[in-house]
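Shown next, in structure tokens, is the structure this report addresses.
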Amino acid sequence: MPIRLHNSLTRSLQELQPLVPGHVTMYHCGPTVYSSPHIGNFRSFLFADVLRRFVEDQGLRTTQVMNVTDVGHLTLDDVEGGEDKMEAASRKTGMTAWDIAKKYEAEFHDCQRKLHFRLPHHMPRATEFVPQMGRIIDDLLQKGVAYQTNGNVYFEVAKFAEYGKLSGKVLDELESGARVAVNEEKKDPRDFALWKVDPKHQMQWDAPFRGGVRGFPGWHIECSAMSMHYLGPQIDIHTGGEDNMFPHHECEIAQTEAHTHKQFVSIWMHARHLLVDGKKMSKSVGNFFTVEDVLAKGYSGLELRYTLIRVQYRQSLNFTLAGLDEARAAIGRVQQCRQKLVRVRDGLDRAGPDDMAAATSSANERFTAVLSDDLNVSEALAVVFDFVGACNKAAASVVGAKAALAAFARFEDVLGCFGGEPKADVTSDAPAELLALLPLRKAAKQAKDFATADRIRDQVAAAGWKIVDTASGARLEKA
RNA sequence: GGUCCCGUAGCCGAGUGGUUAGGCAACGGAUUGCAAAUCCGUUUACCCCAGUUCGAUUCUGGGCGGGACCUCCA
């Protein structure tokens, strides 16, 4: 089934047709590592993760690149007075810019693990691609689409006729809407920096292009350089948050296409921002949650992942703590169902006659169809829960349980938000002293000594476990 | 001001020109010594006003409300 995705460039659905058949190249604008990653960052990155998983599920190979921005991203892009985010963080904390980058990049990777990412194939750092950026800058200068003033190099937007094709921004709007000081160095307010000179900047390189002055690279050029290095001049999919559309991606298109004279990206995809309690989450307002904030409240990475992917990426997602509780319950419903199937498959519970063939193939087909329609995760989850209902009603045979579990494994492989296959019985993990209580309770119940039976149950509960009574006897589960 | 998106039952959130989304919560039932867990069932919504139509929540126009980007931020 063809995968159709919404292309921001054309504002329409477009079939994914890889430039190299069977192999999809994806580039994701990754984190600027100047502070702890927050849940909004991860909405965007998780969307890309689910996209990659689904593409692979459909039998395509992927190569996925996510950059780490550790230099050049200014607090006010390309504007007089804009400060590099790394430098700003350094000034506030007293750490060097290099140490800041190291610290937060490590935190980012830690969050990726906690949120069950399938890691990108490459996660290059901007600071390690300065020579490659230099080659592009050099070419743009030679072509006359970039110019140098006081050592600073700017891309001349007027030389790229298609500037604005992604974001729809036109010159007049940008000029009239400008709320920032005009940079007199630039020929045009839209021109953006490829290279900056600032003796105070901690991160410095000799100019990697002819006739340049020691300095540091601008923000946008890194993505062009790293994308081209790993994926070639043309790629299939490029993603980012909606705020990246302008100026970042607009500038990437301009400098890359001016350099290669080829269409840079086939499909641009942008994730909508999330809201917190119905309001915009932003650093300046301070109403934001880092991933650690959420985990510190006792929620699991899986629960957070579920919460962040459950709404289709082009809809704004309203993040609430209540939503995390819902996620917990919803995941539990799926895992409970899978556990029952495991018990049938492993012979611990009695099998029925149903081979589950119709329900399983129907669920698989629907799952594929809804995700092929611009990655509609909301509907995909509905398919999963419909399947849970079908499994709960059916009396699965051993073969049926195997088939259903295979379907769940596939859903998990794509969404990654339910967890692995549950154990048939977690009683064996329970402390021996608690396990020893089960026969005592059974005896008490048989003797109609319910006071003792209930006391044992309370005792087990106090230890963080719960007694689950079933037809085949009681077992313990983690509360 | 410019560009764009959205407004669905208690909450979150799909989708559709006429037929049950799904999850959470609530309630009823099954089960249980009582519970827990689980299962079954119930709760019939689509901002307002016009228009198109045999019929609109779904299309068109207007209004109201919320949000996003243009500025920190994915």
Side-chain angles (χ1 to χ4, degrees), chain A residues 8 11 28-32 35 37-48 73-77 79 82 85 88 164 167-170 172-174 176-180 239-248 250 270-275 278-285 288 306-308 310-320 322-334 336-337 339-340 366 370 373 376-389 392-393 444-446 448-451 453-454 457-458 461 466-471 474-475 477 479:
Chain A
S8 304
R11 293 175 186 76
H28 314 294
C29 282
T32 300
S35 66
H38 58 72
I39 56 174
N41 297 127
F42 277 99
R43 197 227 174 156
S44 297
F45 300 139
L46 283 169
F47 137 67
H73 193 169
L74 305 187
T75 53
L76 292 167
D77 288 319
V79 168
K85 292 183 179 182
S167 61
K169 303 292 178 197
V170 296
D172 293 353
E173 293 167 14
L174 292 180
S176 61
R179 287 175 236 173
V180 290
T239 75
E242 59 177 326
D243 60 306
N244 280 153
M245 200 149 38
F246 185 88
H248 187 49
E250 196 71 64
H270 294 94
R272 218 48 207 275
H273 280 180
L274 62 69
L275 271 34
K279 287 182 194 149
K280 174 182 174 175
M281 181 175 94
S282 75
K283 249 164 213 177
S284 57
V285 176
F288 76 95
Y306 181 100
T307 303
L308 293 175
R310 61 186 285 266
V311 177
Q312 201 248 5
Y313 73 96
R314 284 201 296 129
Q315 302 295 323
S316 57
L317 158 70
N318 187 19
F319 178 88
T320 62
L324 287 166
D325 292 331
E326 286 182 23
R328 176 171 293 178
I331 292 168
R333 182 168 158 77
V334 172
Q336 200 66 240
C337 174
Q339 189 189 44
K340 276 166 54 176
R366 285 179 60 208
V370 299
D373 183 15
N376 194 335
V377 173
S378 303
E379 273 211 276
L381 287 169
V383 170
V384 173
F385 285 107
D386 280 345
F387 188 58
V388 167
N392 284 335
K393 279 179 202 174
K445 282 172 70 173
Q446 278 171 347
K448 306 273 184 208
D449 180 4
F450 298 122
D454 289 349
R457 189 165 65 200
D458 293 343
K466 73 181 175 189
I467 293 176
V468 178
D469 285 320
T470 71
R475 64 173 190 268
E477 288 187 1

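Every chain is numbered from 1, with letters handed out A, B, ... down the list of sequences.
- A donor-acceptor pair is defined here as one N or O able to donate and one able to accept, closer than 3.5 Å; no such pair exists between the side chain of A/Asp373 and the backbone of A/Val370.
- Comparing the same atom, C1', in B/G51 and in B/A56 gives a spacing of 12 Å after rounding to whole Å.
- A donor-acceptor contact shorter than 3.5 Å is absent between the side chain of A/Glu242 and the backbone of A/Arg272.
- In this structure, the separation between CG on A/Asn392 and NZ on A/Lys340 is 4.0 Å, given to the nearest 0.5 Å.
- Separating the CZ atom of A/Arg272 from the C1' atom of B/C4 is a distance of 8 Å, rounded to the nearest angstrom.
- A distance of about 12 Å separates the P atoms of B/G28 and B/A36, rounded to the whole Å.
- Residue A/Ala330 is in sugar-phosphate contact alone, with no base atom involved, counting any heavy-atom pair closer than 4.0 Å across all strands shown.
- With both pairing distances under 3.5 Å, B/U38 is matched to B/A30 as a Watson-Crick or G-U wobble pair.
- For the pair A/Ser316 (side chain) and A/Leu274 (backbone), a donor-acceptor distance under 3.5 Å is absent.
- Rounded to an integer number of Å, the gap from CZ of A/Phe246 to P of B/C72 is 10 Å.
- Of the C1' atoms belonging to B/G15 and B/G23, the separation is 15 Å, rounded to the nearest Å.
- Among the atoms of the strands shown, none is found under 4.0 Å from any heavy atom of A/Arg11.
- The distance from atom CG of A/Leu275 to atom P of B/G7 is 14 Å, rounded to the nearest whole Å.
- Using a 4.0 Å heavy-atom cutoff across all strands shown, A/Gly240 reaches sugar-phosphate atoms only and no base atom.
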Inset, instruction - Kindly determine whether A/Phe319 and A/Leu324 satisfy side-chain contact (heavy atoms from CB on, under 4.5 Å), including the steps that lead there. - result: CA-CA 8 Å; A/Phe319 178 88; A/Leu324 287 166; 3.9 Å; yes

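- The CG atom of A/Asp386 lies 11.0 Å from the CG atom of A/Leu381; values are rounded to the nearest 0.5 Å.
- In this structure, A/Glu250 contributes its side chain and A/Ser167 its backbone to a donor-acceptor pair below 3.5 Å.
- Going from atom CG of A/Leu324 over to atom C1' of B/G23 covers 14 Å, rounded to whole Å.
- Under the Watson-Crick or G-U wobble criterion, with both distances below 3.5 Å, B/G55 is left unpaired in every strand shown.
- Between A/His273 and B/C69 there is a side-chain N or O to OP1 or OP2 distance below 4.0 Å.
- Along RNA chain B, the nucleotide nearest to A/Thr32 and the one nearest to A/Ala329 differ in position, and the one closer to the 5' end is contacted by A/Ala329.
- The same atom, P, is picked in B/U58 and in B/A50; the two are 13 Å apart, to the nearest Å.
- Only the C1' atoms considered, B/A74 is 13 Å distant from B/C69, to the nearest whole Å.
- Base-pair partner of B/C72: not found among the strands shown (Watson-Crick or G-U wobble, both distances under 3.5 Å).
- Comparing B/C27 with B/U16, their P atoms sit 34 Å apart, to the nearest whole Å.
- Comparing B/A74, B/G23, B/G22 by their closest approach to the side chain of A/Ala382 singles out B/G22.
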When you compare the protein's N or O atoms with those of nucleotides 10-14 of chain B, which come within less than 3.5 Å of each other, and at what distance?
| unit_1 | atom_1 | unit_2 | atom_2 | d |
| --- | --- | --- | --- | --- |
| B/C12 | O2' | A/Arg310 | NH1 | 2.6 |
| B/C12 | O2' | A/Arg310 | NH2 | 3.3 |
| B/C12 | O2 | A/Arg310 | NH2 | 3.1 |
| B/A14 | O3' | A/Asn376 | ND2 | 3.1 |

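- Between B/C59 and B/U19, the two P atoms lie 15 Å apart (nearest whole Å).
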Legend entry - Nucleic acid footprint by protein, nucleotides 32-42 of chain B - heavy-atom cut-off 4.0 Å, B for base, S for sugar-phosphate alone: -BBBBSSSSS-

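- Comparing the same atom, P, in B/G17 and in B/U60 gives a spacing of 12 Å after rounding to whole Å.
- Using a 4.0 Å heavy-atom criterion, one finds that A/Leu274 contacts the bases of the nucleic acid, with or without backbone contacts as well.
- The partner of B/G17, taking Watson-Crick or G-U wobble pairs whose two distances both stay under 3.5 Å, does not exist in any strand shown.
- A search for side chain to side chain contact (heavy atoms under 4.5 Å, CB included) contacts involving A/Asn318 returns A/Leu275, A/Thr320, not counting sequence neighbours.
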Inset, instruction - Apply side-chain contact (heavy atoms from CB on, under 4.5 Å) to A/Val377 and A/Tyr313, showing your working. - result: CA-CA 8 Å; A/Val377 173; A/Tyr313 73 96; over 6 Å; no

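- In this entry the distance linking NE2 of A/His270 with C1' of B/A68 reads 13 Å, nearest Å.
- Using a 4.0 Å cut-off between charged side-chain N and carboxylate O, A/Asp325 and A/Arg328 make no salt bridge.
- Under the Watson-Crick or G-U wobble criterion, with both distances below 3.5 Å, B/C24 is paired with B/G10.
- Straight-line distance from the CD atom of A/Glu242 to the C1' atom of B/C72: 14 Å, rounded to whole Å.
- Below 30°, between 30° and 60°, or above 60°: for A/Phe385 and A/Tyr306 the angle between ring planes is above 60°, a perpendicular geometry.
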